[in-house]
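For reference, the structure is listed below as structure tokens.
Proteins get letters first, then strands, A, B, ... in listed order; numbering begins at 1 in each.
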Amino acid sequence: MLRPNLPKPPQNPLNQQSFEQNYRDVCNLLLSLTHSRSLPKGLQLHSHVLKSGLQTIPLISHHLINFYSKNQLPLHSRQIFEEASRKSSTTWSSVISSFAQNELPVLAIEYFRRMLGAQLRPDDHIYPSVAKSCAILNRLDVGQSVHCLAVKTGYEFDVFVGSSVVDMYAKCGEIRDARKVFDEIPEKNVVSWSGMIYGYTQLGQDEEALRLFKQAMVENLDVNDFTFSSVIRVCGNSTLFELGRQIHGLCFKTNFDLSSFVGSSLVSLYSKCGVIEGAYRVFDEIPVKNLGMWNAMLIASAQHVHTDNALDLFKQMESAGMKPNFITFLCVLYACSHAGLVEKGQYYFSLMREYGIEPGEQHYATLVDLLGRAGKLQEAVKIIDEMPIEPTESIWGALLTGCRIHGDTELAASVADRVFELGPVSSGLHVLLSNAYAAAQRFEEAAKVRKMLRDRGVKKETGLSWVEEGNKIHTFAAGDRTHMRTKEIYEKLEELGEEMEKAGYVADTSFVLREVNREEKDQTIRYHSERLAVAFGLITFLPDRPIRIMKNLRICGDCHTAIKFMSKCSGRVIIVRDNNRFHRFEDGKCTCGDYW
DNA sequence: ATAGGGTTAG
């Protein structure tokens with residue numbers, strides 16, 4: 001264990017009287033230094049404390065423990081704790097909190113056990129730190145026994161203890177227990193509510209999160225930036241633009257829109273809903289931008305293929321002295337990958353190391369994707385062979401996609417062989433593997449892979465497109481005839497189809513995967529979900545409003561061409577989000593430059 | 001006299 005470098009105790013402590021004189025001043029000074037996190041001054045004061053022998057006073061040692069905790073030096077806290085002659089429950093509480101706050105949850109729990117072993121009764125101040133440590137470690141078992149102990153010692157209804165236990169259960173995936181504890185807190189406050197709402201969002205229970213938020217609004221309860229950032233994230237994930245905008249309005253009224261946390265959620269909301277201008281506006285208005293804020297804006301510009309902006313943002317970050325983290329680099333690599341910038345991507349990839357960040361699985365996957373799409377398949381293979389981590393499914397998937405685009409059937413098949421040696425794979429990769437064998441004319445293996453898929457009962461995800469209209473969401477599947485305005489939608493497609501053909505559009509049926517005859521192919525492709533959604537948008541929205549469509553899968557090549565013609569013939573702006581980026585169609589062109 | 005709970009970005 002690392003020994004923190006603390007000042008040595010004095011040889012001759014001063015007399016009793018200066019103890020008393022010093023005592024109050026030192027206390028107040030320590031408190032204010034803790035508040036302002038002024039480390040050098042605190043270290044000076046600490047050595048003064050030792051010279052005058054004040055460290056024997058419990059209150060002083062508590063203050064010192066907290067001072068070092070706030071300055072992220074938990075091992076200094078620990079040493080003061082160990083050297084303290086009398087250890088009250090406050091002393092234990094302070095040191096355990098220092099561990100919990102400073103990424104030493106294992107030590108926090110270890111000291112908690114030691115404290116119980118010393119026959120000390122834990123008080124209400126200690127439980128939150130211990131519950132937090134269990135949450136960080138995802139140790140439901142320990143968390144449950146801590147909760148039990150809190151009940152036994154009569155603190156289960158304390159709002160601090162309760163809120164931290166709610167958070168612990170939510171983070172350990174036991175949302176029902178979290179809710180039970182939440183419901184039983186008699187005087188819930190904004191932290192209890194936010195914690196519960198956040199818990200639901202963590203587990204993807206978006207509706208429940210929104211319901212709780214609505215209840216808080218209806219009951220006129222306190223909410224704050226934590227609450228807002230959680231619910232805005234829900235809106236972003238489900239692309240509920242109208243609701244998100246209304247909640248943005250509420251943030252504005254309450255001034256929480258200036259918080260960086262709320263700001264990053266808002267940027268992500270606007271971006272995910274296809275309104276990139278809104279994202280920039282929010283970003284510009286946040287006075288103090290933290291790392292999350294920069295990353296949110298970076299990923300937004302990457303998704304919308306505003307590549308120059310993205311790379312410029314990165315430069316601005318560097319000159320503002322903001323240290324990029326692994327997410328920042330992921331965003332920048334996405335930006336390069338979406339624009340096919342191979343050299344730039346490689347440059348940023350190597351820049352990571354200079355910042356002391358070890359590339360993770362996702363960074364490698366993006367790099368392999370970038371190289372693969374650019375046709376540099378051998379370089380991609382080299383990356384995979386030489387990287388220090390085990391290749392994941394997304395990394396293999398990226399390589400297979402590259403092989404498919406550049407028609408390297410041999411490499412694809414050999415990759416498939418390699419992947420199968422590693423054991424069972426997910427359904428998404430199965431499809432790629434089966435296609436790889438089929439393309440290499442190895443039909444037996446292809447059939448075998450398809451059979452494996454069938455045996456496991458995995459179905460391909462149904463392609464869906466959806467459009468928001470006010471507070472309503474209209475969803476379409478391919479060939480869908482269930483929508484109320486089906487007749488008008490198909491008529492619009494007919495009418496548009498004629499214009500498109502006059503403008504030079506020819507359907508490319510090679511994108512239909514199923515084995516059907518040619519005429520049928522033509523029919524299927526004409527009514528892909530995104531086209532129905534575009535037609536709905538054309539007959540629903542006023543001409544100057546862009547039509548925004550969300551899609552769960554990648555757009556097929558022919559629909560991409562078709563929508564270009566649709567934008568030209570209708571004179572409308574059409575924005576389509578597929579599974580990982582945005583396409584903005586205008587006047588017969590798409591922002592992706594046909595690279596996606 | 002003193003200590004404690006929840007967050008953003010993929």
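A salt bridge does not link K214(A) to E208(A): none of the charged side-chain nitrogens sits closer than 4.0 Å to a carboxylate oxygen.
In this structure, Y595(A) has its ring center no closer than 6.0 Å to that of H338(A). Between F283(A) and W294(A), a ring centre-to-centre spacing shorter than 6.0 Å is recorded. A distance of 6.0 Å or more separates the ring centres of H76(A) and F67(A).
Listed nucleotides dT8(B), dG6(B), dG10(B) differ in distance to I299(A); the shortest reach to its side chain belongs to dG10(B). Of the listed nucleotides (dG6(B), dT2(B), dG4(B)), dG6(B) has the atom at the smallest distance from the side chain of Y198(A). Distances from the side chain of K272(A) to the nucleotides dG4(B), dG6(B), dG10(B) place dG10(B) closest. Listed nucleotides: dG4(B), dG6(B), dA9(B). Nearest to the side chain of K132(A): dG6(B).
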Decide yes or no on salt bridge (charged side-chain N to carboxylate O under 4.0 Å, His left out) for K323(A) and E318(A), but give the supporting numbers first.
CA-CA 7 Å; K323(A) 199 173 169 286; E318(A) 281 187 309; over 6 Å; no
ring-ring contact (aromatic ring centres under 6.0 Å, His included) between Y68(A) and H46(A), intermediate numbers included
CA-CA 10 Å; Y68(A) 283 119; H46(A) 187 183; 5.6 Å; yes
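The aromatic rings of F228(A) and F256(A) sit tilted relative to each other, their planes meeting at an angle between 30° and 60°. Classification of the F182(A)-W193(A) ring pair by plane angle, with boundaries at 30° and 60°, yields perpendicular. Note on ring orientation: taking the six-membered ring where Trp is involved, the planes of H304(A) and F582(A) are parallel (angle under 30°, cut-offs 30° and 60°).
Taking only side-chain nitrogens and oxygens, K87(A) never comes nearer than 4.0 Å to OP1 or OP2 of dT2(B). Regarding contacts with the backbone of dT8(B), every side-chain N or O of S265(A) stays at 4.0 angstrom or more from both OP1 and OP2. Phosphate proximity of dT8(B) to R233(A): present, with a side-chain N or O under 4.0 Å from OP1 or OP2.
Both tests pass for R114(A) against the ring of Y111(A): distance under 6.0 Å to the centre and angle within 45° of the axis.
Residue contacts for L31(A): at a heavy-atom cut-off of 4.0 Å it reaches the sugar-phosphate backbone alone, with no base atom in range. G292(A) comes within 4.0 angstrom of a nucleotide base, judged by non-hydrogen atoms across all strands. When heavy atoms are screened at a 4.0 angstrom cut-off, K171(A) is found touching the sugar-phosphate backbone but no base atom. Within 4.0 Å of S259(A), counting heavy atoms only, lies no atom of the nucleic acid at all.
Atom CG in L212(A) sits about 13 Å away from atom C1' in dG6(B), given to the nearest Å. Spacing between atom CD1 of I65(A) and atom P of dG4(B) amounts to 11 Å, rounded to whole angstrom units. Here the P atom of nucleotide dG6(B) and the CD1 atom of I232(A) are 21 Å apart, to the nearest Å. In this structure, Q303(A) places its CD atom 12 Å from P of dA9(B), rounding to the nearest Å. Rounded to a whole Å, the CG atom of L291(A) is 12 Å from the P atom of dG10(B). Between the CZ atom of F112(A) and the C1' atom of dA3(B) there is a distance of 15 Å, given to the nearest Å. Rounded to a whole Å, the CD1 atom of I57(A) is 14 Å from the P atom of dT2(B). Nucleotide dA1(B) holds its P atom 14 Å from the NE2 atom of H62(A), rounded to whole Å.
Contact of the R78(A) side chain with the S98(A) side chain is not registered, since no non-hydrogen atoms from C-beta on lie closer than 4.5 Å.
Near DNA chain B, meaning a heavy atom under 4.0 Å away, the residues from residues 327-336 of chain A are I327(A), Y334(A). Using a 4.0 Å cut-off on heavy atoms, the residues of residues 144-163 of chain A that approach DNA chain B are D158(A), V159(A), F160(A), S163(A), listed by number. Interface residues of residues 220-230 of chain A facing DNA chain B, ordered by number: N224(A), F226(A); criterion, heavy-atom separation under 4.0 Å.
With P122(A) as reference, L149(A) is the one residue of V146(A), L149(A), I96(A) to meet the side-chain contact (heavy atoms from CB on, under 4.5 Å) rule.
No side-chain donor-acceptor contact under 3.5 Å links Y198(A) and D167(A).
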